[in-house]
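For reference, the structure is listed below as structure tokens.
Here the structure is a predicted model, which is why all the values come from computation and not from measurement. In what follows, every heavy atom counts, from backbone to side chain, and hydrogens, waters and symmetry copies are set aside.
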Amino acid sequence: MGAAGPLRAPGLLLPPLLLLLLLPGSTPTGRPAPPAARAPPPRLVLALLARNAQHSLPHCLGALERMDFPAASTALWCVTDHNSDNTTAMLQEWLAAVGQDYHSVQWRAEEEPSSYPDELGPKHWSDLRYENLMRLKQEALTFAREQRADYILFVDTDSILTNNQTLKFLMAQNKSVVAPMLDSQTYYSNFWCGITPQGYYRRTADYFPTKNRQRVGCFAVPMVYATFLIDLRKEETSQLAFYPPHPNYTWSFDDIIVFAYSCQAAGVEVHVCNQQRFGYINVPVKAHQTLEDEHINFVHLTLEAMGELEFQVGEEFAGDVPLPQTGACPCGTPAALTLNSSTIKVLGIDLLPGYYDPFSGRTLTKGEVGCFLSHYSIWKEIVARGLERAVVFEDDVRFEVSFPARLRRLMEELEQAQRDWDLIYLGRKQVNAEDEVPVEGVRNLVVASYSYWTLAYAISQRGARKLLAAEPLSKMLPVDEFLPIMYDKHPNEDYKRHFAPRDLLVYSAHPLLVYPTHYAGDTNWLSDTETSTIWDDDSKKTGWNGSQKTLKDARGGVGHSLRSAARDEL
């Protein structure tokens, strides 16, 4: 990539007085001036390092292709090594298909060996692995400097940039080192807000407000990683390095911390920006886990990212999330959206006497009726098919890390403890969390108290029979209000007297395994239950006016238990 020389205009010797009399947009002869030459786009090196990444490459590379930045001004620097999967072949196929669109391609593959001598498994970060990664990143940085590039963008293959304006946004910030904040399924992200004198993660009061976007902007932080941009035009970045570590470096032998120290030693400020949703990052698995564990995590991440980016997902991804017995998705179906007053009457639906939404004061909406009917039809199918148990999901959920394994373990422990159960919340909004007690003999399970939402739950054959026996269609209220009535935890005594017995045996996963993709007020939030017409009046529309049900709760709406390991709290 050659350096572009400065544009030089022909010299014009004009008397000072004449310069003052020239009209804007005119030449000395009075003719309109030719349009100014448009400045060429910045020169970029995109550095991509991949290892055992066949599960994430299609999504990562597809997002990079969709980036709104000219490929002709971008040089690709790609390296892959120590693979035990199909990463190299996939990268070669991609480069063969798109490489000619880019300014240049620097590519190297090292297929042997498939692991490092001191590596305990493919997800174990040994010293030799760290050293090799640092050398490769330094090689990419040196390549960009030799090419006189203006910027270098490092991208990890477990990142998905769903916002195609990310590059232009980062460049416009005019920062030496800047990262787009990436979302994940947990508290994990791609930055630290604090670092100890020994180079370890330090929890600060700024991290969660930044991660949850309760404070918005570009903030100076001690460390960013995974996906970040370096402005090579700035003199201060000329001293930055990944390898060898700074002569005074005594911190952990870790590429991201080595680079953070290099920035600190060079006096370079590092920033993370969260003004927009830029993309997602996979939560790393533990050193003892497998590539399959990482693949499962990434499947969950892509499900969440699909809300903001259209993926071309191949058949190989179908059914990648194994579920115990049967899964179903009740709400948001066409049937829930085409109800009218006459249809509702034919179905024998009537409102529970005295029911009003506790926050807006309105009665039931058609969206709430449709959602209830969807759940109701699933309960009927469970009974009709004689299913011992099933898992029910609504259509706007995201899964916690290792969801299938955690759900399977929960069900196994319930069986070993010989605990009866009718329904287990997997995703909900806790109303009185302090009232809930752990279930003896079963980890990560509590006795459910009053709850909102029916995001996801496991239900037994007996539980479905109990719900149907209550004959709820003739005294309907929202399904998330009906369930607490049936396990006798609803605070409204008037509502409860219409249903007997109220002996549904209900527990909840803790921490929860499923969360909403969006909360009320979030960008792209949409609710066909909160915003539709009144259940018995096709002309009377409702609008969301602040129902606390759909708001993220004051604790951040997540309910995760914090883990102590530094990287888990990124």
Side-chain angles (χ1 to χ4, degrees), residues 185-186 289 293 296-297 300 319 321-330 375 378-394 397-470 479-480 482-489 501-515 558-561 563:
Q185 301 160 282
T186 68
Q289 290 183 279
D293 293 324
I296 291 172
N297 279 5
H300 299 163
V321 187
L323 299 171
Q325 305 228 354
T326 295
C329 179
H375 284 271
I378 290 171
W379 304 336
K380 287 180 64 177
E381 184 176 352
I382 290 169
V383 172
R385 292 174 56 185
L387 298 178
E388 182 183 345
R389 58 187 179 180
V391 181
V392 181
F393 302 102
E394 292 191 353
V397 301
R398 64 176 180 82
F399 299 95
E400 258 288 45
V401 176
S402 301
F403 169 80
R406 293 168 71 176
L407 177 56
R408 191 177 298 113
R409 183 173 63 243
L410 177 62
M411 304 307 291
E412 288 172 353
E413 289 190 12
L414 266 171
E415 188 171 345
Q416 290 170 4
Q418 297 184 333
R419 283 268 180 183
D420 288 333
W421 60 276
D422 294 325
L423 186 143
I424 301 172
Y425 283 110
L426 305 177
R428 60 174 178 144
K429 181 173 181 176
Q430 298 166 274
V431 178
N432 300 308
E434 62 276 4
D435 296 339
E436 299 185 335
V437 297
V439 175
E440 188 176 349
V442 183
R443 292 173 297 174
N444 307 120
L445 194 69
V446 297
V447 178
S449 186
Y450 183 39
S451 305
Y452 292 143
W453 308 344
T454 46
L455 293 171
Y457 55 88
I459 185 170
S460 69
Q461 168 78 198
R462 187 181 68 179
R465 289 183 180 277
K466 286 182 179 181
L467 295 175
L468 295 174
V479 66
D480 65 338
F482 172 61
L483 293 182
I485 288 174
M486 291 301 293
Y487 58 90
D488 208 27
K489 294 292 186 180
R502 299 185 297 273
D503 60 352
L504 198 71
L505 191 55
V506 178
Y507 301 121
S508 175
H510 180 78
L512 296 169
L513 303 182
V514 170
Y515 294 90
V558 284
H560 301 281
S561 57
R563 293 169 286 194

*side chain to side chain contact (heavy atoms under 4.5 Å, CB included) between V391 and Y457: does it pass, once the steps are laid out?*
CA-CA 6 Å; V391 181; Y457 55 88; over 6 Å; no

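- Under the 3.5 Å distance criterion, the side-chain polar atoms of Q461 are matched with a main-chain donor or acceptor of I382.
- Taking CZ of R462 as the reference point, atom CG of L467 lies at 11.5 Å (rounded to 0.5 Å).
- In this pair, H375 and W379 present their aromatic rings tilted. The plane angle is within the 30 to 60° band.
- Side-chain N or O atoms of E413 include none that pairs as donor or acceptor with a backbone N or O of V442 at under 3.5 Å.
- Nearest approach of A509 to L445, heavy atoms of both residues: N-CD1, 4.0 Å.
- Between R502 and K489 the shortest side-chain heavy-atom distance does not fall below 4.5 Å.
- Ring orientation note: the planes of F393 and F399 are nearly perpendicular, at an angle over 60° on the 30°/60° scale.
- Nearest approach of M486 to P501, heavy atoms of both residues: CE-O, 3.9 Å.
- Of the inter-residue distances, the one linking E436 atom CD with S449 atom OG reads 5.5 Å to the nearest 0.5 angstrom.
- Two residues are said to be in side-chain contact when any heavy atoms from C-beta on lie closer than 4.5 Å; E400 and R406 meet this criterion.
- D503 has its side chain within reach of K466: a pair of non-hydrogen atoms, C-beta onward, lies under 4.5 Å apart.
- Two rings, from Y425 and H510, have their centers 6.0 Å or more apart.
- Ion pairing between a basic and an acidic side chain is recognised when a charged N comes within 4.0 Å of a carboxylate O; R419 and E412 show no such pairing.
- With rounding to the nearest 0.5 Å, the separation of OG1 in T186 from CG in N297 is 9.5 Å.
- Using a 4.5 Å heavy-atom cutoff, the side chains of I424 and L426 are in contact.
- The line from NZ of K429 to CG of L512 is 12.5 Å long, rounded to the nearest 0.5 Å.
- Among all heavy-atom pairs drawn from W421 and L423, the shortest one is CE3-N, 3.6 Å.
- Side-chain contact between Y487 and L505 is absent, with no heavy atoms from C-beta onward closer than 4.5 Å.
- You'll find the side chain of V506 stays beyond 4.5 Å of the side chain of L483, heavy atoms only.
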*Residue pair R428, T454: steps toward the side-chain hydrogen bond (donor to acceptor under 3.5 Å, both in side chains) verdict*: CA-CA 6 Å; R428 60 174 178 144; T454 46; over 6 Å; no

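- Scanning both residues, S451 and P484, for their nearest heavy atoms gives O-CG, 3.5 Å.
- For the atom pair M411 CE and L414 CG, the distance stands at 6.0 Å (nearest 0.5 Å).
- Here L410 contributes atom CG and L513 contributes atom CG; the two are 7.0 Å apart, rounded to the nearest 0.5 Å.
- The side-chain heavy atoms of V431 and Y452, taken from C-beta on, include a pair separated by under 4.5 Å.
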